[in-house]
Every structure is written in structure tokens, then in C-alpha cells.
Student: 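Take this structure first; my questions come after.
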Amino acid sequence: MSETAVKAAGVADAHANRWKALSFIALAQLMVVLDATIVNIALPSAQQDLGISDGNRQWVITAYALAFGGLLLFGGRIADLWGRKRTFVAGLIGFAAASAIGGAATNEAMMLGARALQGAFGALLAPAALSLLAVMFTEPKERAKAFGIYGAIAGGGGAVGFILGGVLTEYMNWRWTFFVNIPFAIIAAAGAYFVIREPAGGRNRSPLDIPGVILSVLGLVTLVYGFTRAESDGWGDSVTVALFVASAVLLAAFVVTESRVKAPLLPLRVITERNRGGVYLSLGLAIIAMFGLFLFLTYYLQIVKGYSPVKTGFAFLPMIGGMMVGSTQIGTRLMTRVAPRFLMAPGFLVAGLGMLFLTQLEIGSSYSAVILPGMVLLGLGMGTAFMPAMSLATYGIEPRDAGVASAMVNTSQQVGGAIGTALLNTIAASATTSYIKDHIGGAASKSQQQLVQLEGQVHGYTNAIWFAVGILVAAATVAATLINTGRPGSTTVAGSGEVVEDEAAVPVVMH
């Protein structure tokens, strides 16, 4: 059989199994996204059982974030080098093993080591999953459906984590928030091994860019850790400032290195193309707003309203529903008819409108009158915007760059999450302190003082949410101005006059 015939057979085989493959890729993505929030709910119980000090408690979250955020670009490049299917299966097996260690942890060191391992294997798994979709779904309508499902899971999975984490912690044991990953991973790995047929000819077999790997890992780890320290020790802390300066130097050196080496870890063409650059920036901004809100709403519902962990999780369901409708119905149906910016910019603005509802929070606010409409609008807007963003971030990319392009999507989300938690938490804490200082003098009894404390907390949350509204408006502005590609299937890049074949089966690179 000729080489051309072999390639054609490989493409046909991959094409036939793509929808089955999507179900296993979606399952793996759900596991990774769930893990980002499920452990938050279980943390107090795990801390008590394992004797983790209050000072070291944050490392259960930070160890995962540092490994995941720092190794993403390396993981994306490994997927391009080894093959996406192989990297995907290896990531799943490793993630399951790390989860088993975490669930069986008997001391602090074992728990922190397991979390770092989860982050490292997650950094292999996440870019491989997205890049598999990118190379398997190239026909615009099918791509819209596939990325609609993926976008709904990427956006709503974190909120599902609150529900699952609450149920497992309240009715079983915190260890099950780790053990629950094992069946997810085994099913997804077995399914992927037997079903996924990666299209031939998409590997990047260039030698690994070792200086780029070292600089990117050190730069991203330092950046994420800088934001983590800013949250706990303040933005003016000397170590925090030193970390930000070091990360800026390391990442600048990384960019210079990538512009000069023959086979860069992150080819600059991936991020300098204006549409992809616009996606990475707008998505990162949206995640900043969203992650901060998850945190505040969780505290508001549990501390101010007195909800149980399970009830808090279920309170997030309308947002998940909104995301699924926005992603799989609105985004999927319109993506092949309108340009991506006409979905992303309005989507971020609708999400901002939802946030606007939540700036009205008070101690006695009604869930149905304030929180419910805010969550539904937030979900609809984010789902509608996420779906074309995920697709556009890898659309038109050369197959050899699909892994690192996918890794950049995850990197913008990870860094956005770290910034959002640190920045919005700082704003909320500052506003709370100021409010209590101004009002505590008029509180004579202990109950009045407690009331002022709660009012101060809610005041802090709403102040931070106002900033989140502004950030979403900025994300919409970036999407509207930087992203200028036409709808899939169109032949002209809007505003440039450049004619491209933006059609189904053959991805193209738009420079």
C-alpha cells in the first residue's frame, strides 16, 4: 500500500472513531477540572486528620497549582513529540496513581507529594486532551459540537466539584475526593487506548528545547507562587515582589530564547497570531473574574447564609446549567454562522451582567431574587464565550504545534485562576477591614459586633465583584478588538483583506 493510501486510511480510521473518542476526552477533562475545586471542600477535614498546620494548609492547593501551571508548556510539547494519544493515556494513568497516593496519605509530606504529582500528570493530560480534539475535529459544524461539549465541561466542571466534594466529604470521607478520580481515569484511559486513532503526520519530532523547558518551568512556577504569596503575605511583601521580578526576568529570557533557537518549546508564531493571542488574553481575564467569584460565593453561602457543603454545591447548579446551554446550544448553533468575536464579546458582557446582580449581595439577600439570576446569566455568558474561545485557540494551527497551542489555553486559565484568587481576595480583605474599622465603634453588644463582622465580609465580597465586572468588560473589549477572523468556512479574515481557505478538512495557519 502506498504512503498516501496509508495516511488516508489513518485519517478515515480517526474520523470514524472521533465521537467515541470525544466521550473519553470529555471524561478526562471533567476529572482534571473537578480536581481543582473538589479538594477545597475536603481540605478542612484532611487538615485535621493529617495534622497539617494552618501555615502549611495552603500548600495542598499550591503544590498542585505550581506543578500544573509550571509544566503545562512542557506537557504540550511532549504531546507533540510523543504523540497525543500516548501522552493522554500516560497522563491519565499517572493522575490515577497520584490520586491513590493522596487518598491513602498518612501524613503531610505524603499529601503534598501526591498533590504535586497530580499537577505534573495533569500538565501532561490537559494539553493532550485539547490538542486531540483540535486534530480530530476539523469540519466546522462537527468542531462546533465537539468544542461545545468540551467548553461546557471546562467551564462548569469546577462548580460540579463543589457538589461532589460536599457530598463525598459530608456523607463518606475526605479521602474519597481523591479516590473518585481513579475510576474516571481508568475508564478514560482504557477507552482512549482502544478508540482514539490519532491522525498520521501530526508529530513534531524536533529535539526538545531544554533551555526553553527550564526557563518556562521556572518562570511559570515563580509567577504562580508569587500570586499565591501575595494572597497570604500581601503585595508589598519583599519575597512577593522578588518573586514577581524573578518571574518577569525568567519569562523575558524565555521569549528571547524562543526567538533564537531552531526548534523552540513555544514557537512565537503560536501566540503572536492576533486571534490566538486575543483568545489567550481574553480567556485569562475572564478566568480571573470567575475564580474569584467561586471563592466569594462559597464563603457567602456557607458563612453568611449558613448553607452546608452539599447545599452550597447544589446552589451552583443553575450556573452549570447556564454554561451547558450557552456552550452546547447557543455557542454550537451560532459558531458556524457568525464570527467568533460576535459570540465571545457579548458572552463576556452577559457574564458581566450576571456579576452585576451579585454586587447587590447583602446579608439578607434572597437566593432566588439575587443569586439565582446572577448565576444563570454568568453561566450563559461564560458558556457562550468559552466554546468559540476553546475552538479558535487551536483552529488553523499546524498539527505539529497543536500541543503547545492547547497548553497555552490551559496556561492562561491557570495563571488567570492564580491572579483571580490572589487579586480579588486582597481587594475583598482590604474592603472588609476598612468597613469593620469604620463601623465596629457603634456596636455595643457582642451580637451587634458579630453582625458588623458579617456585614464587613459581604461588603468586601461585593467590592471585589465590582472589580470582576470591570475585568469581564475588559475581556469583552479584548475579544472584540483583537479577534478579527471570520466565521468557519468564510474566506476572508475580517479587517485584513487577506483571503484564506478556512474550510473543513485541512487546518490552515493564518499569519
Side-chain angles (χ1 to χ4, degrees), residues 15 18-19 22 26 130 133-156 273-283 286 321-354 376-397 402 405-406 409 472-473 475-510:
H15 196 68
R18 66 202 180 287
W19 291 110
L22 173 63
L130 186 55
L133 287 192
V135 298
M136 290 171 72
F137 291 90
T138 54
E139 194 276 320
K141 286 188 178 178
E142 290 195 343
R143 187 179 177 87
K145 287 178 186 174
F147 277 88
I149 294 165
Y150 187 89
I153 290 169
E273 198 279 314
R274 67 180 290 165
N275 292 290
R276 278 191 293 275
V279 166
Y280 299 144
L281 182 55
S282 61
L283 205 55
M323 279 185 177
M324 295 192 74
V325 170
S327 188
T328 62
Q329 298 302 313
I330 302 172
T332 299
R333 290 173 188 276
L334 293 179
M335 186 179 147
T336 55
R337 299 177 186 178
V338 301
R341 69 182 180 279
F342 295 132
L343 286 174
M344 289 179 64
F348 289 137
L349 290 176
V350 169
L353 186 61
V376 170
L377 286 170
L378 183 67
L380 279 172
M382 286 295 195
T384 301
F386 269 31
M387 186 264 172
M390 292 287 184
S391 177
L392 187 59
T394 54
Y395 192 71
I397 198 78
S406 302
V409 178
L472 281 171
V473 171
T477 306
V478 168
T481 53
L482 280 187
I483 297 171
N484 70 346
T485 187
R487 63 179 177 81
S490 63
T491 54
T492 307
V493 176
S496 71
E498 182 186 355
V499 176
V500 294
E501 284 300 324
D502 192 9
E503 276 294 348
V506 185
V508 280
V509 181
M510 294 174 291

Student: Taking side-chain hydrogen bond (donor to acceptor under 3.5 Å, both in side chains) as the definition, give me every residue that meets it alongside T332, ordered by chain and number, with sequence neighbours left out.
Tutor: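 T332 satisfies side-chain hydrogen bond (donor to acceptor under 3.5 Å, both in side chains) with no other residue.
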Student: Kindly give the heavy-atom pair with the smallest separation between A393 and A405, and that separation in Å.
Tutor: O-CB, 4.0 Å
Student: If every non-hydrogen atom of L378 is compared with every non-hydrogen atom of A351, which pair is closest and at what distance?
Tutor: CD1-O, 3.6 Å
Student: Considering all heavy atoms of both residues, which atom of I483 and which atom of P340 are nearest to each other, and what is their separation?
Tutor: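 So the minimum-distance heavy-atom pair works out to CG2-CB, 4.4 Å.
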Student: Using side chain to side chain contact (heavy atoms under 4.5 Å, CB included) as the criterion, list what pairs up with S406, not counting sequence neighbours.
Tutor: P127, L130, S131, T394
Student: My understanding is that only residues two or more places apart in sequence, or in another chain, count here; which of them pass side chain to side chain contact (heavy atoms under 4.5 Å, CB included) with A385?
Tutor: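 In terms of side chain to side chain contact (heavy atoms under 4.5 Å, CB included), with neighbours along the sequence ignored, A385 is linked to F348.
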Student: Applying side-chain contact (heavy atoms from CB on, under 4.5 Å) to V376 and L380, what does each step give before you reach the verdict?
Tutor: CA-CA 6 Å; V376 170; L380 279 172; 4.1 Å; yes
Student: Give a yes or no on whether the backbone of M323 and the side-chain of S327 come within a donor-acceptor separation of less than 3.5 Å.
Tutor: no
Student: Hey, what do you get for CG (L283) to CE (M382), rounding to the nearest 0.5 Å?
Tutor: 9.0 Å
Student: To the nearest 0.5 Å, what is the distance between OH on Y280 and CG on L392?
Tutor: 9.0 Å
Student: Stepwise, does the side-chain contact (heavy atoms from CB on, under 4.5 Å) test hold for W19 with K145?
Tutor: CA-CA 10 Å; W19 291 110; K145 287 178 186 174; 3.8 Å; yes
Student: Nearest 0.5 Å please: distance from the CG atom of L349 over to the OG1 atom of T384.
Tutor: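 Answer for the CG-OG1 pair, L349 versus T384, is 12.0 Å.
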Student: Treating R341 as the side-chain partner and L482 as the backbone partner, does any N or O pair qualify as donor plus acceptor under 3.5 Å?
Tutor: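 No, because the side chain of R341 does not come within donor-acceptor range (under 3.5 Å) of the backbone of L482.
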Student: Between R143 and A134, what is the shortest heavy-atom contact and its length?
Tutor: NH1-O, 3.4 Å
Student: Is there a donor-acceptor contact under 3.5 Å from the side chain of N275 to the main chain of N484?
Tutor: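 Yes; judged by distance alone, with no hydrogens or angles, the pair exists.
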Student: Might you work through the side-chain contact (heavy atoms from CB on, under 4.5 Å) test for L343 and M387, ending with a clear yes or no?
Tutor: CA-CA 9 Å; L343 286 174; M387 186 264 172; 5.5 Å; no
